[in-house]
Amino acid sequence: MALGQQLVPHLPFLRRYARALTGSQALGDRYVQAALEAIVAAPGEFPAHVEPRLGLYRMFQGIWNSANADERAGPAPDASGRAESIARARLARMTPLSRQALLLTAMEGFTREDAAYLIGVEADEVKPLIDEALAEIDNQTRARVLIIEDEPIIAMDIETLVRDMGHEVTGVAVTRAEAVALAMADQPGLVLADIQLADDSSGIDAARDIIEQFVVPVIFITAFPERLLTGARPEPTFLITKPFQRATVKAAIAQALFFDEATVPVR
């Protein structure tokens, strides 16, 4: 089977990781495109000693690390005040290595050994990095969270997890109309939204209605992520796959809030 055919099934999930890593649908997709262009330009450099999915993420990590090297180095000594401010703002929005390790294991399901290979560290360094990320999460600013989920057991599980993280739940909605009403009555700082709701309305439409009124990060929950990550239309930045692990939800919430807290106008 040709390499391209082997990589196609993994692209939606790489897009998910890229968007979580960058906090942006557009920026994440640009990194994925750059990785694919690098593979097409030099197929001989694709890691042949590992499975295709691992090799694909490795190529992506190489693009990510290369593109962000200049930002990590900081502005030039004679940089203007504005240039320095922009560089610092971008640096504040850069996902640190510890969170990359957490996303790769908790969200993407890689083993610690695979995560070590992807981020370029020793295998015994991954657990301390994950522990560091979790400690940062515990110290993260608390948010007020609206849950949009029509399955009672799942809604209860999510609500418990959100409260265990120290966040406040503003309400649980089961329809698009109810979600919008709750959001308008008590403005949340984060929205967790299922895709298919009780009255056959859409969680995506509910989130869109809410975002038209005020800016808020949204995490979508779906059993079919590949249907939402085609690159053909505006799509979610943060996405959790059903059935989900608690660690996955925790990592997604933390990452969404990480970018919300670090948001600085950068041009």
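As the structure is a computational prediction, the values presented were derived from the model and not from experiment. All values below were derived from every heavy atom in this structure, side-chain atoms included, with hydrogens, water molecules and symmetry-related copies excluded.
Residues satisfying the salt bridge (charged side-chain N to carboxylate O under 4.0 Å, His left out) test with Arg99, not counting sequence neighbours, are Glu136. Residues forming a side-chain hydrogen bond (donor to acceptor under 3.5 Å, both in side chains) with Asp199 (at least two apart in sequence, or on another chain): Ser201.
Within the 4.5 Å cutoff, side-chain heavy atoms of Leu146 are placed close to those of Ile210. The side-chain heavy atoms of Thr170 and Val145, taken from C-beta on, include no pair separated by under 4.5 Å.
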Inset, instruction - Carefully, step by step, assess Gln196 and Ser202 under the rule side chain to side chain donor-acceptor pair (under 3.5 Å). - result: CA-CA 5 Å; Gln196 188 66 41; Ser202 167; over 6 Å; no
Inset, instruction - Using the side-chain contact (heavy atoms from CB on, under 4.5 Å) rule, take Lys242 and Asp194 through it: C-alpha gap first, then chi angles, then the decisive distance, then the call. - result: CA-CA 10 Å; Lys242 285 183 176 179; Asp194 188 12; 3.2 Å; yes
Inset, instruction - Let me see the working for Gln61 and Gln100 under side chain to side chain donor-acceptor pair (under 3.5 Å), right down to the final yes or no. - result: CA-CA 10 Å; Gln61 286 289 143; Gln100 292 178 50; 3.1 Å; yes
Legend entry - Residue pair Arg16, Thr241: steps toward the side chain to side chain donor-acceptor pair (under 3.5 Å) verdict: CA-CA 10 Å; Arg16 174 180 63 184; Thr241 303; 2.7 Å; yes
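Judged purely by atom type and a 3.5 angstrom limit, Gln25 has no side-chain atom pairing as donor or acceptor with the backbone of Thr237. Judged by distance alone, with hydrogens and angles left aside, the side-chain atoms of Glu45 form no donor-acceptor pair with the main-chain N or O of Ala42 at under 3.5 Å. With hydrogens and angles ignored, the 3.5 Å screen pairs a side-chain donor or acceptor of Asp150 with a backbone N or O of Ala198. A donor-acceptor pair under 3.5 Å is absent between the side-chain atoms of Glu108 and the main chain of Leu103, judged by distance alone. When atom types are taken as modelled, the side chain of Tyr57 and the backbone of Leu14 share a donor-acceptor pair closer than 3.5 angstrom. Side-chain atoms of His167 never come within 3.5 Å of backbone atoms of Arg144 as a donor-acceptor pair (strictly under, hydrogens ignored). Between the side chain of Thr105 and the backbone N or O of Ala101, at least one donor-acceptor pair lies under 3.5 Å.
For CE of Met184, the number of neighbouring non-hydrogen atoms (other residues, nucleotides, ligands) closer than 6.0 Å is greater than 12. Enclosure of atom CD in Glu51 by more than 12 non-hydrogen atoms of other residues, nucleotides or ligands within 6.0 angstrom is indicated.
Relative to the six-membered ring of Phe244, Arg246 misses at least one condition, a distance below 6.0 Å or an angle of at most 45° to the axis. For the pair Arg19 and Phe238, the cation-pi test (distance below 6.0 Å, angle within 45°) is failed.
For Phe110 and Tyr117, the ring centers are positioned 6.0 Å apart or more.
Under 4.0 Å is where a charged nitrogen must lie from a carboxylate oxygen, and between Glu122 and Arg112 no such pair does. A salt bridge does not link Lys127 to Glu132: none of the charged nitrogens lies less than 4.0 Å from a carboxylate oxygen. Here Arg163 pairs with Glu159 in a salt bridge; the nearest charged N to carboxylate O distance falls below 4.0 Å.
In this structure, OG1 in Thr22 is found 8.0 Å from CG in Asp29, a value given to the nearest 0.5 Å.
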